[in-house]
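Below is one structure, written out as structure tokens; comments come after it.
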There are 2 protein chains.
Amino acid sequence: MATTIRQVAAAAGVSVATASRALSGSDAVVPVTRDRVLRVASDLDYTPSRLGRSLATGSTGNIGVILPDVTNPFYTGFLAALESAVAERDIGVLVGDSHETPELERRLIQRMAGQVDTLVLASSRLGDEAVVAASARLPVVLANRMLEAATPVPARLRQITIDVEPGFSAAVRHLHALGHRAITYIDGPAHSWSGRQKAQALTRTCAQLDLPLTTVAMTRPDFEGGRAALARIVPQRGGARWDVPRAIIAFNDQVALGLLSALRDAGWDVPGDVSVIGCDDSLPTGMAWPALTTVDSSSRTLGALAAAAVLEPDAPRSATVQTRLIVRDSTGRAVAG
Amino acid sequence: MATTIRQVAAAAGVSVATASRALSGSDAVVPVTRDRVLRVASDLDYTPSRLGRSLATGSTGNIGVILPDVTNPFYTGFLAALESAVAERDIGVLVGDSHETPELERRLIQRMAGQVDTLVLASSRLGDEAVVAASARLPVVLANRMLEAATPVPARLRQITIDVEPGFSAAVRHLHALGHRAITYIDGPAHSWSGRQKAQALTRTCAQLDLPLTTVAMTRPDFEGGRAALARIVPQRGGARWDVPRAIIAFNDQVALGLLSALRDAGWDVPGDVSVIGCDDSLPTGMAWPALTTVDSSSRTLGALAAAAVLEPDAPRSATVQTRLIVRDSTGRAVAG
DNA sequence: TTGAAAGCGCTAACAG
DNA sequence: CTGTTAGCGCTTTCAA
């Protein structure tokens, strides 16, 4: 058993109350006493029990983070930024992987509720009611997701989102300027709020420019998902060329990477035959070939904003990460049909 | 404030002790009473406080996991497998990112010590003494790392490692059989135990086959690290051809991907001019071009074994993940100098 | 400035 | 089978 505050108090010849005060740096204790307690504590290699403290104070010094997939670089970047930021304030992080399922997410919330001060839900797959219910139990930070406009926002809920509009709108205009007259969008997971945002932004801009938009559903928002989704619709070079999508926008960079791979396998040249745009700017230089034109929407920034929402008691009720288009080498002039 | 067991007991007309027994499914309570308590509990939407329970029982139902980098796919796979396995047993996971630094790792251990039942240290950058000290405070599972042979292994320490010998030895023999007569190894981080294992396995096998081995140091074990490390030593095609490494083995797949990228930039063909071998088999099909010959050493398997070490009280003191060579398209016949 | 005592929510002897 | 009681380690009134 580890040393307790009682042992420290005894060894220092004071009461536990005084020991507690000394250890928490209260000024209601005379310096000489405090120093004695502190010295004894370090001699005894004393570490305060978080559990005891939590029970007494009602605050745990931990936060809970629930992600749809710990393996996805987007969430990994989010988690890294968030963890680093809160760790500096000596706050611990309980993680849960919901595997994209609402039931598991619910269970994880249940599990964490009692032992964290704040819950961070990244890209929650839960319905609005469940999110609202959670925020009735403890403060919640919703990241990369927003409640429906009709849902009243609970006081203890903060929302951090990515405004994909500027980036995706610019992406469409960029393709249009290159001469493309039809856009294909490879969508994200079924219940993804951000996927809907992206689709909406595309729909809006395509309507303005009078461009037809085709949306392709996809299972998993990763490399293999992108490969599989596109492989189904891309004919071999030399086959029926009329239905090759010439301008493709992907849900994220991983998916775009999969597209690049599927296109290469089928013998198509990027950007010669087909233009591809990703999202997140998450790939190191040289990872994609050709270098990927992408919508910048850093998940690390999202994580940093979530951290701020957790740490600053009077952070704004909502915050937004802006996006913009980064043009690189995977987009080019449309070829004549 | 959430409902407490006292309120449940009162509402059910029993003592807290009986309520506690009913809720924990003890058979020392008559069914009718138990059902009543259970019904009241669910009516009141009661969730037991983990904190209270932990303090009373001395066990928290949480484990701590410390990784050098949550962003690295190797640890991400490890964490995912570990988290999924323990979550099924309703065990929570506190994560900490040590950013490859021993000091931060020490701080995280300190922070977690009081509130987890077991500590899982992945690729710990700590010295043996620090690891031994930690295992004196609570059970520790060391993953992808082993104490020095001279260090006595504490009773509460479990070690899960990857035996790179078979895979790396096969890699060298494979290259030798293809006619290669010199090997270059792109090493891992400075204090990495697994990096040393790999280097040793290569040294041993190269000595047996009388092959010269060149080791190149590297900063970060990722795509950019691999690109940077190789870019320094690879001349442009058409430049001084005599010093191009013709057979390269990388610390991991990410690094190998970086190599592929750097080689392509310099105009070299893989496997025509240069053969490249990775490690981990962590890339989806099509991610590397050409498909990467690699040493299979799944970090998910490592995570699953770590989970077993955490969950099974009498798991073996140590376990090992085996490795083997998977030959794909990135290795080919040596060209005449 | 310090100490005694109550209590955070729960479990676990020990009686009955 | 059920209730009483004593803590787990800590903070925090309230008195002294």
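A, B, ... follow the sequence lines: proteins, then strands. Residue 1 opens every chain.
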Exercise for review: Starting at the 5' end of nucleotides 10-16 of chain C, put B wherever the base has a protein heavy atom under 4.0 Å, S where only the sugar-phosphate does, and a dash everywhere else.
Suggested key: BBBB---
Practice item. Report yes or no: does A:Ser98 contribute a side-chain atom to a donor-acceptor pair with the main-chain N or O of A:Asp69 at less than 3.5 Å? Key: no
Review point. Under the side-chain hydrogen bond (donor to acceptor under 3.5 Å, both in side chains) rule, what pairs show up with a residue in residues 118-131 of chain A, not counting sequence neighbours?
Key: A:Tyr75-A:Ser123, A:Glu100-A:Arg125, A:Glu105-A:Ser124, A:Ser123-A:Asn144, A:Asp128-A:Arg145, A:Asp128-A:Thr151
Exercise for review: Could you list by number each residue of residues 34-42 of chain B showing a heavy-atom separation from DNA chain D of less than 4.0 Å, or answer none if no residue does?
Suggested key: none
Review point. Restricting to pairs with a member in residues 11-35 of chain A, which pass salt bridge (charged side-chain N to carboxylate O under 4.0 Å, His left out), not counting sequence neighbours?
Key: none
Check your understanding: If you look at every strand shown and take non-hydrogen atoms under 4.0 Å, does B:Ser54 touch a base, only sugar-phosphate, or nothing?
Key -> nothing
Point to revise | Straight-line distance of B:Ile162 CD1 to B:Ser194 OG, nearest 0.5 Å | key: 7.0 Å
**Study point:** Other residues, nucleotides, ligands: >12 heavy atoms within 6.0 Å of B:Glu88 CD
**Key:** no
Practice item. Provide, to the nearest angstrom, the distance between the CG atom belonging to A:Asp27 and the C1' atom belonging to C:dT2. Key: 14 Å
Practice item. By nearest nucleotide on DNA chain D, pick out whichever of B:Leu55 and B:Ser15 is the more 5' one. Key: B:Ser15
Practice item. Would you list the pairs meeting salt bridge (charged side-chain N to carboxylate O under 4.0 Å, His left out) in which at least one residue belongs to residues 50-68 of chain A, sequence neighbours left out? Key: A:Arg50-A:Asp90
**Study point:** Heavy atoms of other groups near A:Arg107 CZ, more than 12 under 6.0 Å
**Key:** no
Can you give each donor-acceptor pair under 3.5 Å made by side-chain atoms of residues 77-86 of chain B, sequence neighbours left out, with the distance rounded to 0.1 Å?
unit_1	atom_1	unit_2	atom_2	d
B:Glu83	OE2	A:Asp97	N	3.2
B:Ser84	OG	A:His99	NE2	3.0
B:Ser84	OG	B:Ala80	O	2.9

